[in-house]
Peer 1: 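Got a structure for you, written out below as C-alpha cells; questions coming shortly.
Numbers here simply count residues along the sequence, with the first being 1.
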Amino acid sequence: RFSYSIKMNPNMLNNHLKLDVNAKGIVTDKNAIDEGGALGGAINMDPTKPIYDSNSPFGGYYQTTTTNNPNVLSGQYNPLALLEQRQRPERSLRFLGNIEMDYKMHFLPELRAVVNLGLDASESKIRETFSNNAIATYNGANVVFNPGKNYEENQTITNTTLDSYLVYTKELDGLLRKFDIQGGYSYQNFKNDGNKEIYQYNPTTGIRELVINPNNLNNRYYNELNLQSFFGRTNLDFANKYLITLSFRADGSSLFNEENRWGFFPAAAFAWKLKEEGFLKNVNFVNDLKLRLSAGKTGQQDITGQVGFYPSIPLFSIGSITSQYLPGSNLYSALPFNADLTWEKTTTLNAGLDFNFFKNDLISGSFDIYLNKTTDLLAQVPTAPGQYLRDSFITNVGETEGKGFELDLNIKPISNDNSTLEFYSNIAYNHVKITNLGDVERIIAGGGLPTGTNVNTQVHALGYQPGAFWLFQQLYDSNGNVIPGAFVDRNDDGQITNDDRYYIKRTPNWTFGFGFNYNYKNWDFGTSFRGQIGGQTYNSRILTSGWIDASVPTNSNSLSNVLDFYAGEANPDFINFNGNEKFSDYMIEDASFLRCENIVLGYRFNKLYKDSSLRVYGAINNAFIVTKYSGQDPENFGGIDNNFYPRPRVYTVGLSLDF
C-alpha cells in the first residue's frame, strides 16, 4: 500500500477566515487468499499425507482422490495448492479529500459560518485466475484442467458529503453566562457502480469462456443512496453551574418512499456542576463532581441482512438463465418490496455522574445508567405461503427494550517527579429483549451453519435477546455420554418437533476491561486486558469434523479428529450429523474469556541532540487469552465459530524520534 497526503491550514482576512484542507491518496495492491477453503483445508486435510507429489496430475501437488479413480478429486483440496495455484490480484485507487471553511463575520464576530465539503472516490479491479490445480474436473476418461481467468470485477465508488451551518456564540455577565445557537444542513450521497465477468469451463472447446447473460450482458450493477438532514442545537450555561443542551434533527433517506422519507429526532440534556455549589466548593477532596441527565430519540435506516437497495420501490430483477419456465424467454422476477417502510427509532434515557476525588486525581471516572426502547425495527420477516412471490420481505416490525449501566474507574496511586502509576478499568452490563414482534412468533436472524443451504440457528423471538440461538436440548445417558439424535421433549407431546426447540442467549450481558500504565524516570510499561462474562458460541468445527464417519473415504480422505476417538481420548459422540443433530445444543459452549490485548515496554533517551529525544520500545499484541472455550476463538461476532482467519499474536519493536 502506497499513500500520500497533504494538509494546509491557512488563515485569511485577518484571521476571520480559516481553511482546513486535507487530501490523501492511496494505491493498494493485494492478492486475496481463498480464506474459507484454505483454512478449512488446513484443519480437515489428512496431516499424514504429503504436500507435493511429482506424479500428481494436479500441478505437482498431492490431492485427495476417490478410491476407485485417482483422477477424480474427493474430499478436501490441498490448502497449499489453493493458495499458490489461485491468483486473485486486487488493485484499488482511492482519494479522500475535504475542505472546511470557517468564517467569522466581520460585522458580527460572534457569528460564524462553517462549510465542509468532502469526497471519497475509489476505483478497484479484481481479477481471479487459476493454473493447473485442484479445480480440475474428470470427463470420464482423464483429468481436464481449467486454467485461465475465472472472474473479473470493476467497481467505482463515489461518496460525497456537504455540511454547512451557522454558529452564534455569546458570553454574558448575568445569570445566563454563555450560550450558543447552531443550525444547518447536511448532505450525503453514496454511489456504487460496477460490472462483473464470470468465466466457466466449456468441455466442448476445452477453454474457459465468459458466461453471457442475454438479459445483462456485462453483469452491471448500480446502487445509490442519498441522505439529507436539517439540524439545530443550542447550549445554555447558567451561573457556570447548570448546563442545558437542546437539539433537533430532521433526517431524510432515499431508501424510503416520499411519504415516509423524513424522520424527526429531538433530544435534551442537563448537567449540574455540583462542585460549584456552596456545600461542595470548599470540600478539598472533591476536585470535580457533575450530574448528567439526558433524553433523546435517534433513527437509523440500515437494514440487517439487506438484500439489495430500494426495498420500498417495486422493482424487477433479471431472471436466471438456468431457472426459467420457458427457456430463453428472458423473464424478469419481481423483487419483494414494502411501500410503507420508514425509519427505525430508538428513544434513550440516561443518567450519569462524573467524579474526580483527592489530590493528584487519585480517583476519577464516570457512572451511567440507561434505558432505551427501539420501535419500528427494520427486519426481513417471513410471509405466509402464496402471499408474495418470495418467502420473506423487509418491513418495520417489533420493539426492543434495553437497559444497563457503565462504570469507568481510574486510580492514580503514584504521581511525582520520578514516577507515575495509573490503573484504569471499566465494566458494563447490558440487557436487551424483544417486547413486540407484531403477528409473527419469531424471525430468522442468521447464524448460518457451514452445511446445507439456509441452515440457520439464530432467531429474533418475543421476550428473548435478539439473535438468540434456537436449538434442541441434547439428551445424555447415565454416564454423561451423548445419545445421538435424542432430544428433550419439552412440551411432552410424544414427538420431537420445532416446538421442542428453546432459546439460548448468544451475546453476553457483562463486558469489562482493565490495565495500567507505569512510568519511572525514562522507563514506561503498560498493559491492557479485555473480556466478557457469559455469552455462547456455536462450535461448528464439531459439526464439520467432529464425527466418526468424517474419516471414511467415501465422505472425505481426511482423518479429522478420528485419531483422538480411536485412541480413547474422547468418546465417539456422533457417527454423523443427520437430521436435527446439527441443531443440538451440544455444540454450544460458554464464550467467557479474558484477553491480554497488549504489553508495552519502552525507554526514552532525552536530549539525544539538543531538544530531540529517542524512544525505543517493544510490544506484544494479543499476548494470550484465558477461556474454557474449546474452539478457535470465543470472540467471533456472528456467534458461529467457523473458518475465519485467526487473530495473530504480533511482536513489535520500534523507534520513535522527536525533534
Side-chain angles (χ1 to χ4, degrees), residues 32-48 75-80 82-83 446-452 455-458 467 469 471 474 482 504-508 511-513 528-548 550-551 556 558-565 567 569-574 577 581-599 620-651:
I33 68 168
D34 182 2
E35 182 173 305
L39 291 175
I43 294 173
N44 289 325
M45 186 173 173
D46 182 351
T48 69
Q76 177 60 50
Y77 293 147
N78 184 324
L80 189 62
L82 285 175
L83 295 177
L449 298 179
T451 176
V455 182
N456 297 296
T457 60
Q458 296 167 11
F469 288 111
L471 302 170
Q474 183 66 53
V482 169
I504 304 172
K505 181 174 63 177
R506 177 173 59 89
T507 56
T511 57
F512 63 89
S528 63
F529 294 81
R530 180 174 56 83
Q532 65 186 38
I533 302 173
Q536 306 291 328
T537 291
Y538 185 107
N539 189 351
S540 71
R541 186 55 58 213
I542 301 173
L543 177 65
T544 58
S545 304
W547 40 289
I548 292 177
S551 65
S556 73
S558 165
L559 288 185
S560 295
N561 61 357
V562 74
L563 293 177
D564 285 343
F565 286 142
E569 297 178 10
N571 292 321
D573 297 315
F574 292 94
F577 277 96
E581 291 182 355
K582 61 179 69 70
F583 297 110
S584 169
D585 65 1
Y586 175 81
M587 271 71 74
I588 296 295
E589 297 186 33
D590 183 6
S592 300
F593 71 88
L594 170 65
R595 186 189 301 276
C596 180
E597 289 280 72
N598 61 70
I599 302 173
I620 304 176
N621 291 329
N622 191 28
F624 61 86
I625 184 171
V626 179
T627 182
K628 292 183 178 180
Y629 179 67
S630 67
Q632 178 175 304
D633 195 329
E635 189 181 14
N636 50 82
F637 298 102
I640 306 294
D641 185 357
N642 193 27
N643 297 337
F644 64 93
Y645 197 85
R647 299 171 190 267
R649 179 177 296 116
V650 181
Y651 300 89

Peer 1: Given Phe583 and Phe469, is the side-chain contact (heavy atoms from CB on, under 4.5 Å) satisfied, shown in steps?
Peer 2: CA-CA 9 Å; Phe583 297 110; Phe469 288 111; over 6 Å; no
Peer 1: Let me see the working for Thr627 and Glu635 under side-chain contact (heavy atoms from CB on, under 4.5 Å), right down to the final yes or no.
Peer 2: CA-CA 10 Å; Thr627 182; Glu635 189 181 14; over 6 Å; no
Peer 1: Could you tell me which non-hydrogen atom of Glu581 sits nearest to which non-hydrogen atom of Met587, and how far apart they are?
Peer 2: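 Nearest pair, atom of Glu581 first, then Met587: O-CE, 3.4 Å.
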Peer 1: What residues, two or more places apart in sequence or in another chain, satisfy side-chain contact (heavy atoms from CB on, under 4.5 Å) together with Ile620?
Peer 2: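 For Ile620 the side-chain contact (heavy atoms from CB on, under 4.5 Å) partners, ignoring immediate neighbours, are Ala623, Arg649, Tyr651.
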Peer 1: Closest heavy-atom contact between Pro508 and Ile533?
Peer 2: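 Nearest heavy atoms, Pro508 then Ile533: CB-O, 3.5 Å.
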Peer 1: For Gly446 and Asn456, which heavy atoms make the closest approach, and how far apart are they?
Peer 2: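 For Gly446 versus Asn456, the nearest heavy atoms are O-CB, 3.2 Å.
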Peer 1: About how many Å separate CD1 of Ile599 and CZ of Phe624, when rounded to the nearest 0.5 Å?
Peer 2: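 Output value for this atom pair is 6.0 Å.
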Peer 1: Please list, chain by chain and in numerical order, all residues satisfying side-chain contact (heavy atoms from CB on, under 4.5 Å) with Gln474, sequence neighbours excluded.
Peer 2: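 Counting only residues at least two positions away or on another chain, Gln474 forms a side-chain contact (heavy atoms from CB on, under 4.5 Å) with Tyr476, Val482, Phe487, Phe574, Ser584, Asp585, Tyr586.
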Peer 1: OG/Ser540 to CD/Gln632 distance, rounded to the nearest 0.5 angstrom?
Peer 2: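 One gets 10.0 Å once the value is rounded to the nearest 0.5 Å.
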Peer 1: In Å and rounded to the nearest 0.5 Å, what is the CD1 to OG1 distance from Ile588 to Thr537?
Peer 2: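 Interatomic distance, Ile588 CD1 to Thr537 OG1, rounded to 0.5 Å: 7.5 Å.
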Peer 1: Name all residues meeting the salt bridge (Lys or Arg N to Asp or Glu O under 4.0 Å) criterion together with Asp633; count only those two or more places apart in sequence or in a different chain, and write none if there are none.
Peer 2: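 Salt bridge (Lys or Arg N to Asp or Glu O under 4.0 Å) check on Asp633 returns Arg595, Arg647.
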Peer 1: Going through the distances and angles, do Leu449 and Ile640 end up as a side-chain contact (heavy atoms from CB on, under 4.5 Å)?
Peer 2: CA-CA 7 Å; Leu449 298 179; Ile640 306 294; 4.1 Å; yes
Peer 1: Which heavy atom of Leu543 sits nearest a heavy atom of Pro450, and at what distance?
Peer 2: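 Between these two residues, the closest heavy atoms are CD2-CD, 4.3 Å.
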Peer 1: Over all heavy atoms of both residues, which pair between Tyr629 and Pro634 is shortest? Give the atoms and the distance, please.
Peer 2: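 Minimum heavy-atom contact is CD2-N, 3.5 Å.
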Peer 1: Within this structure, what is the CG-CD distance for the pair Asn621 and Glu597, rounded to the nearest 0.5 Å?
Peer 2: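 Going from CG on Asn621 over to CD on Glu597, the span is 8.0 Å.
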Peer 1: Yes or no on side-chain contact (heavy atoms from CB on, under 4.5 Å) for Glu589 and Ile542, after CA distance, side-chain angles and deciding distance?
Peer 2: CA-CA 11 Å; Glu589 297 186 33; Ile542 301 173; 4.2 Å; yes
